[in-house]
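Just so you know, these numbers use all the heavy atoms, side chains as well, and skip hydrogens, waters and symmetry mates. A, B, ... follow the sequence lines: proteins, then strands. Residue 1 opens every chain.
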Number of protein chains: 2
Amino acid sequence: MSGYTVAILGATGAVGTRLIQQLEQSTIPVSKIKLLASYRSAGKKLQFKGQEVTVEEAKPESFEGVDLVLASAGGAVSKKLLPEAVKRGAVCVDNTSAFRMDEDVPLVVPEVNEAALYNHRGIIANPNCSTIQMMVALEPIRKAFGLKQIIVSTYQAASGAGQSALNELYAEAQDYLDGKDMKADIFPTKGDKEHYPLAFNLLPQIDVLEDNLYSHEEWKMIHETKKIMLGDMNSPEIKVTATCVRVPVPISHGESVYIEVADKSATTEKIQQLIREAPGAVLQDDPDHQVYPQPINAVGSRDTFVGRIRPDLENEGAFNMWVVSDNLLKGAAWNTVQIAERLVADDLVSVPAAE
Amino acid sequence: MSGYTVAILGATGAVGTRLIQQLEQSTIPVSKIKLLASYRSAGKKLQFKGQEVTVEEAKPESFEGVDLVLASAGGAVSKKLLPEAVKRGAVCVDNTSAFRMDEDVPLVVPEVNEAALYNHRGIIANPNCSTIQMMVALEPIRKAFGLKQIIVSTYQAASGAGQSALNELYAEAQDYLDGKDMKADIFPTKGDKEHYPLAFNLLPQIDVLEDNLYSHEEWKMIHETKKIMLGDMNSPEIKVTATCVRVPVPISHGESVYIEVADKSATTEKIQQLIREAPGAVLQDDPDHQVYPQPINAVGSRDTFVGRIRPDLENEGAFNMWVVSDNLLKGAAWNTVQIAERLVADDLVSVPAAE
């Protein structure tokens, strides 16, 4: 094949524009690009590798002749359109949560479970942003020492809720600095009843709060971690709990991660060495020179930055660390394109016949 | 006694101005007020209960005739001047870290260990801001169910580093919104070599990083918790570990607190009821109506707000929660004045004779 016809669904959003960039910089040979969005964005002109491309309204027919779909237009759109794309022979990498927990849908962080791609039936799910960066940091540790427990507190950036949410943060911040009241229409989450300002504030709610008292974002971190690392969203093998908090940062999530490993021979130095050698991870851990991951330094990078690694001084085999990554790249667009790259490299860009 | 002569040391700072307010609103009968600061602030006019008071330069002689000192002028100033005040018969409540770990200095959160005041020898230490609010939230749980372990991740406000740091956050935020470079001279901590912007960023360093890889702020949370709850800064009875992160919020710290209790009969409902009844604590925990603590709602209140209480779904007897309080009030000025109120009520405003 001389190249693939690739469609980007949701091409005009915060993740969509980065999907275009990441695809431009990828190793995937693209013979034709289709940029799809809602009817409101249809007609808009965007660039792909220096060529102007007109955004088209996404419909089932849009996927005729498409080999590969990179989707980030919201769960409802994916639910409706991706089965149509698969029916027409396209393989879809979906950045929404629509199919993540379906048993026959691989949920993939290439550094962790690339092999799961071989079982795809047309749709591959990209995990939640906060889960992905934690996986990149913890998988080398899990492989070397085993993981018994993960307790994570997140510091999540505004852009995780989309471009309009990011704009709301900036508008609120300017109003606050001008001594005006802040207007909140989006945060904590568009789909809920109450809205609160994020600028100069903290919101301990990401996505809706569920009956078990966890937010859906926290639920995702728990169950996606188990599915990615253990192949079973309910595996008891690693205990996981999460507290997810939105912070007034535009791009790049921070995570305070506490782990307990199985093999007590683990040391800070050994974990640092594992991170140094791990694909997709960069060690930024030099306390003497005040070197540690910061969101403003992670923006625009595909890597996950890990630092402040240190042992719990009273609990043998337990460690604290601080993990930062660009939530729009490794947390979304880059991981999606990276999955597509692996599909191409492993010759998996075809929908297997139904059994 | 018809009233006390009270001196506020460091009267012009972010905490100092709040010490004046909290003292004005307290039950302490004040017959005379002295406002002390560095020579740079001497001559400045401030108000106390509607009367103009001229700020004086703090010197050993300033404490002649003073009954009670409320100090928040930095550790070095407290180290130098408070022994001079005690020598002259004044009882000192110190908001700095100068004496917190001295064996004969009580470290007091009145809701937890008021009785320790009876052992004072002239100086009582006010704990670190991030420790205090966690104590208010956890002491009722410890009393009812016992605590085995605390794992805390903090989201600490800029004002914890003082008024000039708060001004730096605002200036950086405006520069960022104007598309200009941000200038950093204070954060992560004035006393260290490198400085990084806090606006729209996260800094996983509060105070200096020490040889054991923990920041001094993290060290304080660990050892102050043990001293306040257990009377011994090195007690192994409760395991404590902490990750402290500065966030771009002006006032009020957030804390994601994970606890393991000893008595497995603990439930979310029982813990909620304990918080409801606890002195100094307010339960804000109604997921159905998106009610949880937020920094912007805590500013100006003496209370500690607790919400998002929920069980670890895989670890019996473990719970997550979210705790917010005004770091300048309960975290500093109010706890200091509250200690002074108890000293007055318990007739402890006198320096015991040396043995």
Side-chain angles (χ1 to χ4, degrees), chain A residues 149 151 153 155 169-170 173-174 176-177 182 188 192-194 196-197 200-205 209-210 212-215 222 236 239-243 245 247-250 252 254 256 258 268 287-296 307-315 318 320-322 324, chain B residues 149 151 153 155 169-170 173-174 176-177 182 188 192-194 196-197 200-205 209-210 212-215 222 236 239-243 245 247-250 252 254 256 258 268 287-296 307-315 318 320-322 324:
Chain A
Q149 189 171 17
I151 298 166
S153 297
Y155 302 63
L169 169 64
Y170 291 142
Q174 190 58 65
Y176 185 97
L177 292 171
M182 297 189 275
D192 218 333
K193 293 169 296 259
E194 301 294 332
Y196 308 118
F200 299 108
N201 196 21
L202 301 166
L203 294 173
Q205 179 191 353
L209 296 168
E210 300 185 327
N212 66 3
L213 306 178
Y214 281 76
S215 68
I222 294 166
K239 292 179 186 173
V240 187
T241 193
T243 297
V245 180
V247 297
V249 167
S252 294
S256 169
Y258 181 89
T268 297
D288 284 345
H289 296 91
Q290 294 173 261
V291 174
Y292 34 68
Q294 297 178 36
I296 50 169
R308 299 285 339 268
I309 302 169
R310 59 211 192 279
D312 182 334
L313 300 172
E314 298 179 271
N315 204 15
N320 287 297
M321 65 190 70
W322 174 248
V324 173
Chain B
Q149 190 171 16
I151 298 166
S153 296
Y155 301 63
L169 169 65
Y170 292 142
Q174 191 57 66
Y176 185 96
L177 292 170
M182 296 190 276
D192 217 334
K193 293 168 296 260
E194 300 294 331
Y196 309 118
F200 300 107
N201 196 22
L202 300 166
L203 294 173
Q205 179 191 352
L209 296 168
E210 300 184 329
N212 65 4
L213 306 178
Y214 281 76
S215 68
I222 294 166
K239 291 178 186 175
V240 186
T241 193
T243 297
V245 180
V247 298
V249 168
S252 294
S256 169
Y258 181 89
T268 297
D288 285 346
H289 296 92
Q290 295 173 261
V291 174
Y292 35 69
Q294 296 178 36
I296 51 170
R308 298 289 332 273
I309 302 169
R310 59 210 193 282
D312 182 333
L313 300 172
E314 300 179 90
N315 203 15
N320 287 296
M321 65 191 68
W322 173 248
V324 174

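With A:R310 as the fixed residue, the side-chain hydrogen bond (donor to acceptor under 3.5 Å, both in side chains) test singles out one of B:N212, B:T243, B:T241: B:T243. With A:V247 as the partner, the side chain to side chain contact (heavy atoms under 4.5 Å, CB included) test is satisfied by one option alone out of B:N201, B:V249, B:V245, B:L202: B:L202.
With sequence neighbours excluded, the residues forming a side-chain contact (heavy atoms from CB on, under 4.5 Å) with A:P250 are A:L166, A:Y170, B:Y176, B:F200, listed by chain and number. For A:E314, the side-chain hydrogen bond (donor to acceptor under 3.5 Å, both in side chains) partners two or more places apart in sequence, or in a different chain, are B:K226.
The greatest number of non-hydrogen atom pairs below 4.5 Å with chain B, out of A:P287, A:S256, A:P204, A:P248, is found for A:P204. For the set B:P295, B:G254, B:A173, B:P236, the count of heavy-atom pairs under 4.5 angstrom toward chain A peaks at B:P295. The candidate with the highest count of non-hydrogen atom pairs below 4.5 Å against chain B, out of A:I309, A:V324, A:V240, is A:V240.
Contacts of A:L213 with chain B are made by both backbone and side-chain atoms, with heavy-atom separations under 4.5 Å. If you measure heavy-atom distances from A:P293 to chain B, the contacts under 4.5 Å come from the backbone alone. For A:L169, the part sitting under 4.5 Å from any heavy atom of chain B is the side chain, from C-beta outward, and nothing else. Of the atoms belonging to A:I151, it is side-chain heavy atoms, and not backbone ones, that fall under 4.5 Å from chain B. Residue A:Q149 touches chain B through its side chain alone, counting heavy-atom pairs closer than 4.5 Å. When heavy atoms are compared at a cutoff of 4.5 Å, A:A242 approaches chain B solely by way of its backbone atoms N, CA, C and O. Only the side chain of B:N320 comes within less than 4.5 Å of a heavy atom in chain A; its backbone stays farther off.
Interatomic distance, B:N315 CG to A:K239 NZ, rounded to the nearest 0.5 Å: 4.0 Å.
Residues B:S153 and A:Y155 meet the side-chain proximity criterion, which asks for heavy atoms closer than 4.5 Å. Side-chain contact between A:I296 and B:Y196 is absent, with no heavy atoms from C-beta onward closer than 4.5 Å. Taking 4.5 Å as the limit, some side-chain heavy atom of A:L203 sits within range of a side-chain heavy atom of B:Q294.
Across all their heavy atoms, A:Y292 and B:P188 have their closest contact at OH-CG, 3.5 Å.
The closest donor-acceptor contact from the side chain of A:R308 to the backbone of B:Q205 lies at 3.5 Å or more, if one exists at all. Looking only at distances, a side-chain donor or acceptor of A:Q290 sits under 3.5 Å from a matching main-chain atom of B:K193.
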